[in-house]
2 protein chains.
Amino acid sequence: MTEQDLKTEEKILEAAMTVFIQKGKAAARMQEIADTAGINKALLHYYYRSKDKLYESVFSIVIKQLLLPKIFKILQEEEDVFALIHQFADFYVGVINKNPFIPLFVIEEINKNPNRLSNAVLNSGIPIEQVIARFQKAMDEGKIRKTDPRQILVNLISMCIFPVAARNMLLPILFNNSKTEYKKFLELRKTEVAEFIIQSIKI
Amino acid sequence: MTEQDLKTEEKILEAAMTVFIQKGKAAARMQEIADTAGINKALLHYYYRSKDKLYESVFSIVIKQLLLPKIFKILQEEEDVFALIHQFADFYVGVINKNPFIPLFVIEEINKNPNRLSNAVLNSGIPIEQVIARFQKAMDEGKIRKTDPRQILVNLISMCIFPVAARNMLLPILFNNSKTEYKKFLELRKTEVAEFIIQSIKI
DNA sequence: GTAATGTTTAACCATTTGGTTAAATTATTT
DNA sequence: AAATAATTTAACCAAATGGTTAAACATTAC
């Protein structure tokens, strides 16, 4: 049944996501994925023939449906540079926070399969150069001080992603293991990061 | 022979480091580590009984000898907040750049063994609170604008670590796969990150 | 109701991999 | 030279794991 089909496939994908993220591809066990999905190994292979194929699917979903399209579109839509930075930080921190597994997943993938993600990004039509150009333009117009615009972009991305990727390190060290405190902290970051950057680059 | 002993043990540790970082613990193969070290599997087990023990050794070295002691001492020595930020960024970017495997290694470890690293940090006597307090003091003195000092610290760490961890993603996207360009970029970051922060928080 | 599809069970296979062992060889020490 | 330690070779084992298969059962479609 189509209805049931989707449900099971969804269940599998979510389970696979969880396990692949927690354990990494190599350490992830098909049995555990099946268990997490509430089905058995045979059915798991019935839907996704191999571990590789399953991983491929998960990766594809994470990248194509969660990361690429939504995130960077903002950069095209927003006119003002400062508003753009705000939108970006707000949305990016939000997405990452909702899917805290993404950064690690992506970072791990990057290092084991360097070309795949960068190709995906490069082929996605994401106008990185346009973003860079936008910063450049703002510099030329005297709105922000002059620096390598890539530094700004890297700073922005770093500050959005890292705190989530390093969550398990920050939690005990900075937040006494209080998850609510950490959540509040991340919530504040949505505006904080943008303000931090704007404060730094505005003239 | 003591001389040879150290050499072989060193070779093994370096090889293990390389492989563990590139592949992650689970995907790392003892055979590959042996090959990388230029020895055979039997000798590998002769020195380090098991994969777990070997990993433990590598992790211990990375954390204790490379990360913890050197990095944060600066924070105690430097008087001026701005100088402190400069020293920190300079040193941190430098260390990470020299050992670009560290961030991923640590991040992976964090997520598979959440307590170990944070315990290490907490038990290392590193005065995180003092760092926070230093920012706080600078705020009280009206030297920097008021924010959650943890935000500053997290920003600092994020901007130092992330660009290296995401190296393989940034390289093709922002630097046309030019390693020299990327290296220049990171070299500049040593001062750039500090300036970026100071510019943002100074009054 | 019957065919098709989804799902379970459970046994099974092939491969990979961590780890061992024992014997032979080479280098070091004393 | 003799003893000791380092290193290699190569065969081997046990466990884990990805993946298969076939038969039975359940559910849904037509």
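Predicted model only: the values in this text are computed from it and were never measured. Side-chain atoms are counted along with the backbone in the values below, which use heavy atoms only and exclude waters and symmetry mates. Per chain, numbering begins at 1; letters A, B, ... match sequence-line order.
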May I have the step-by-step check of side chain to side chain donor-acceptor pair (under 3.5 Å) for A:Arg167 and A:Asn97, ending in yes or no?
CA-CA 10 Å; A:Arg167 176 201 141 105; A:Asn97 199 15; over 6 Å; no
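Looking at which nucleotide of DNA chain D each of A:Ala42 and B:Gly38 is closest to, the 5′-most match is held by B:Gly38.
Between B:His45 atom NE2 and D:dC13 atom C1' the separation is 13 Å, expressed in whole Å. Rounded to an integer number of Å, the gap from B:Glu32 CD to C:dT16 P is 15 Å. Note: CG (B:Leu43) to P (C:dG19) measures 15 Å, nearest angstrom. Between the CD1 atom of B:Ile39 and the C1' atom of C:dA27 there is a distance of 16 Å, given to the nearest Å. Spacing between atom NZ of B:Lys41 and atom C1' of D:dT9 amounts to 12 Å, rounded to whole angstrom units. The nearest whole Å value for the distance from the OH atom in B:Tyr55 to the P atom in C:dG18 is 15 Å. Between B:Lys25 atom NZ and C:dG18 atom C1' there is a gap of 12 Å when expressed in whole angstrom units. Note: CD (B:Glu9) to P (D:dT7) measures 10 Å, nearest angstrom.
Dashed line: the shortest gap from a side-chain N or O of A:Thr8 to OP1 or OP2 of C:dT7 is under 4.0 Å. The phosphate of D:dT7 has neither OP1 nor OP2 within less than 4.0 Å of any side-chain N or O from B:Tyr46. Checking the phosphate oxygens (OP1, OP2) of C:dT8, a side-chain nitrogen or oxygen of A:Asn40 falls inside 4.0 Å. Side-chain nitrogen and oxygen atoms of A:Arg29 include at least one within less than 4.0 Å of the OP1 or OP2 phosphate oxygen of D:dG18.
Under 3.5 Å, the side chain of B:Lys51 and the base of C:dG19 form no donor-acceptor pair of N or O atoms.
A:Glu195 has no carboxylate O lying under 4.0 Å from a charged side-chain N of B:Arg145, or vice versa, which leaves the two without a salt bridge.
Between A:Tyr92 and A:Phe88, the ring-plane angle classifies as perpendicular under the 30° and 60° cut-offs. A perpendicular orientation is assigned to the rings of A:Phe20 and A:Tyr55, their planes being inclined by more than 60° (bins at 30° and 60°).
For B:Tyr47, counting side-chain heavy atoms from C-beta on, the closest listed nucleotide (C:dT8, D:dT7, D:dT8) is D:dT7.
In this structure, B:Ala34 reaches neither bases nor backbone, as no heavy-atom distance under 4.0 Å exists between it and the strands shown.
For the residue pair A:Asp35 / A:Gln31, a side-chain donor-acceptor distance below 3.5 Å is found, with atom types taken as modelled.
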